[in-house]
Amino acid sequence: MNGNQDEKAGGVTRRQIIAGAAVAAGVVGTGLLTPRVLRAVEPPKKWDRKTDVVIVGTGFAGLAAAIEAHDAGAQVLLIEKAETIGGNSIIASGALNCVDPERQKKQNIEDSVDLHFKHTIEGGDFRGDPEKVRFMVEHGLEGLQWLEKLGVEFEPKVYAVVGALYPRSHDPANKGRGAAIVRGLKAQVDQRKIPVMNPCALTGIVRQKPLNGDVLGVEAEFRGKKIYLEAKKAVVLATGGFGADVGLRSKHDPRLDKEVPTTNVPTATGEAIAYAEDLGADVVGMDFIQMLIACNFFTKKYGSLANLGIDRAVFLNTAGKRFVAEDSRRDVMAKAVLEQPQKVLLWVADEDCQKRFNPAMTEQIIKDGYSFRADTLEGLAKILKEKFNTPEDVFLKSIAEYNEMVKKGADEAFGKKPANLKPIEKAPFYASPTQAGVHHTMGGLRTKGTTGQVLDRYGKVIPRLYAAGEVTGGVHGTNRLGGNATTDCIVFGRLTGVNAAKEKARA
Ligand SMILES: Cc1cc2nc3c(=O)[nH]c(=O)nc-3n(C[C@H](O)[C@H](O)[C@H](O)COP(=O)(O)OP(=O)(O)OC[C@H]3O[C@@H](n4cnc5c(N)ncnc54)[C@H](O)[C@@H]3O)c2cc1C
């Protein structure tokens, strides 16, 4: 969550992960910023290594696929271009949405798979593929329970992560975040002795004929050498999104140039999509790129407290006024922020809001001077006056009006939902100046229904090529709900692993 902190993950610090990722990104360049040529990768005279299933990428989707493919009887090899594993998954908050009768009943939350489906489809402006969405929401709980069975613990209570629209988000226990899921899955990969080669960057996909026949394996760069890895059953692309690929993202949305911050790791680039396109693969929804109000105003990097919650919090502009419902869709909030002075929102919250999450991270970001804390609202008002020239009286009036609304149980100004209307009353109080950054790429490779098989531009399956997770398109439509990506990656990662393993091995 906080780009300025050394969040420990898998025995390495987040800073090391980013550094490693940046080094590895250099191996293949940062996506489409590096000139590329359209090319077919010829089958090599000799393969350097053989296995049944080659899985590219070690985030939620790749790790889930690897475990399932192995458990379905296939020999698996994972490759990863970064020096450390985990991609965006390891820095993610790791909130996972699913209908969970046991937890939700205890909190008196009415929910159903149909409602999760409706929220997802409507939240993506009806541009998500209903078949895929139905599959994801129907298998979400199974995915959560699978993770629990593998040893990943989740909090007993659900909530609504920013942009989730409904309280069905599950946080990994003990503030473990996405790193806890990655660590849990990686431990299972190790237990199964599934090899992981890294840094090892995919540089092309090998097919019998450029636009015909089976996918046979991959070409990759490993320790400065070109190598060929044969996949007797299938290749699975789980290479994540392209939020850090300025060339590719600004091709699809010219506003998202290099000045726009991103929450993503530097290896979130789109070259794997291009390699699949070299084989004729189709893409879908590439223009749908999500901005999230999660970047710090001062650093322009991932690292705001705004992700910590929206119930005991308000969003104010630097004039000290509310301007949007804090529980709106992510795209609505991002657009609203972009229209404010300095394109910044001040997330203002109380102790009960922030304490649910990671106090150590909060301490660090405050120590760094990137967010503020005061014992009284008046004290916070003084700080904001000094930093942003926010009028103290307007600020205090906005908080008082908000707390009045909470008592009434209705937000007549912006329509924040009654369930999220909680008071800002418990000291100390926090303010985090926040900006929108590129967060999630909803578009990507087009897959067949709920099989994970990659389709070509004519709707035909590219034999033995699969994809899962953020590298795929079509699930989330125009706007992904907060907490739905973890579900997507786990559900489709597992499915893809099973299906890849079911392919008949070539001789
Ligand atoms: C800061 C942050 C917080 C988030 N919080 C949440 C949340 O709470 N809930 C939620 O639902 N979603 C959240 N998301 C989104 C979600 O975490 C991601 O969509 C998800 O982790 C993507 O998983 P993945 O397995 O598809 O890709 P990744 O986890 O990004 O993994 C892809 C891997 O592939 C590797 N790779 C890429 N190209 C190549 C190549 N050419 N060769 C070899 N390897 C390659 C990358 O280095 C990377 O390690 C968050 C995202 C971010 C950035």
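Just so you know, ligand 1 is whichever comes first in the structure, and atom 1 is the first atom listed for that ligand.
Neither the backbone nor the side chain of A294 has any atom closer than 4.0 Å to an atom of ligand 1 (non-hydrogen atoms only). At a heavy-atom cutoff of 4.0 Å, ligand 1 is contacted by no atom of N97, backbone or side chain. Under 4.0 angstrom from ligand 1, the non-hydrogen atoms of C200 all belong to its backbone. Contacts with ligand 1 closer than 4.0 Å are made by no heavy atom of H476, backbone or side chain. Residue T486 touches ligand 1 through backbone and side chain together, judged by heavy-atom distances below 4.0 Å.
In terms of modelled atom types and a separation under 3.5 Å, the side chain of N264 and the main chain of H439 share a donor-acceptor contact. Of the possible donor and acceptor atoms, none in the side chain of D456 sits under 3.5 Å from a partner among the backbone N and O of G280.
No cation-pi contact links K226 to Y228, judged by a cut-off of 6.0 Å to the six-membered ring centre and 45° from its axis.
Near R480, meaning under 4.0 Å from one of its heavy atoms, ligand 1 places the atoms 10 (C), 11 (O), 12 (N), 13 (C), 14 (N), 15 (C). Every atom of ligand 1 is numbered from 1 in the order shown, and the set under 4.0 Å from a heavy atom of T263 is 1 (C), 53 (C). Contact atoms of ligand 1 toward L202: 40 (C), 41 (N), 42 (N), 43 (C) (distance under 4.0 Å to a heavy atom of the residue). Less than 4.0 angstrom separates some heavy atom of N484 from each of these atoms of ligand 1: 11 (O). The contact set between ligand 1 and V56, taken as ligand atoms under 4.0 Å from a residue heavy atom, comprises 42 (N), 43 (C), 44 (N). Close contacts between ligand 1 and G469 involve ligand atoms 26 (O) [criterion: under 4.0 Å to a heavy atom]. Within ligand 1, the atoms closer than 4.0 Å to a non-hydrogen atom of A238 are 32 (C), 33 (C), 34 (O), numbered from 1 in the order shown.
Between C489 and ligand 1, not a single N/O pair is under 3.5 Å apart. At least one N/O-N/O distance between G87 and ligand 1 falls below 3.5 Å. The N/O atoms of E80, backbone and side chain alike, include one that comes under 3.5 Å of an N/O atom in ligand 1. Polar contact check, S89 against ligand 1: a nitrogen or oxygen pair lies under 3.5 Å apart. The distance criterion of under 3.5 Å between nitrogen or oxygen atoms is met by G94 with respect to ligand 1. Residue A272 has no N or O atom closer than 3.5 Å to an N or O atom of ligand 1. Close N/O approach between G241 and ligand 1 is not found [any backbone or side-chain N/O within under 3.5 Å]. Residue A61 has at least one nitrogen or oxygen atom sitting less than 3.5 Å from a nitrogen or oxygen atom of ligand 1, judged on distance alone. Close N/O approach between T269 and ligand 1 is not found [any backbone or side-chain N/O within under 3.5 Å]. An N or O contact shorter than 3.5 Å is missing between I91 and ligand 1 by distance.
With a 4.5 Å cut-off on side-chain heavy atoms, H440 and E470 count as touching. Under the 4.5 Å side-chain criterion, counting only non-hydrogen atoms from C-beta, R168 is in contact with H116. A heavy-atom distance below 4.5 Å is not found between the side chains of P44 and E219. Taking 4.5 Å as the limit, every side-chain heavy atom of L229 sits out of range of all side-chain heavy atoms of T51. For the pair P261 and V438, the minimum side-chain heavy-atom distance is 4.5 Å or more. L147 is listed as a side-chain neighbour of L185, based on a closest heavy-atom distance under 4.5 Å. Side-chain atoms of L237 and I205, non-hydrogen and from C-beta on, do get closer than 4.5 Å to each other. Within the 4.5 Å cutoff, the side chain of D331 has no heavy atoms near those of the Q290 side chain.
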T269/K81 under side-chain hydrogen bond (donor to acceptor under 3.5 Å, both in side chains): CA gap, chis, key distance, verdict
CA-CA 11 Å; T269 50; K81 76 175 169 184; 2.6 Å; yes
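Heavy-atom separations between G86 and ligand 1 include at least one value shorter than 4.0 Å. For the ligand labelled ligand 1, residue G483 lies inside the 4.0 Å heavy-atom shell. Ligand 1 has no atom lying under 4.0 Å from any heavy atom of V161.
For atom 41 (N) of ligand 1, the candidate residues are H439, E271, H440, K81; the nearest heavy-atom contact is made by E271. In this structure, of L292, N264, L63, D488, the residue bringing a heavy atom nearest to atom 53 (C) of ligand 1 is N264.
N97 and S169 form a side-chain donor-acceptor contact under 3.5 Å, judged by distance and modelled atom types alone.
Shown are V206, L279, V454; of these, the side-chain contact (heavy atoms from CB on, under 4.5 Å) with V215 is made only by L279.
The aromatic ring centres of F297 and Y370 sit 6.0 Å or more apart.
For the pair D282 and K448, the salt-bridge criterion is not met [side-chain N within less than 4.0 Å of a carboxylate O].
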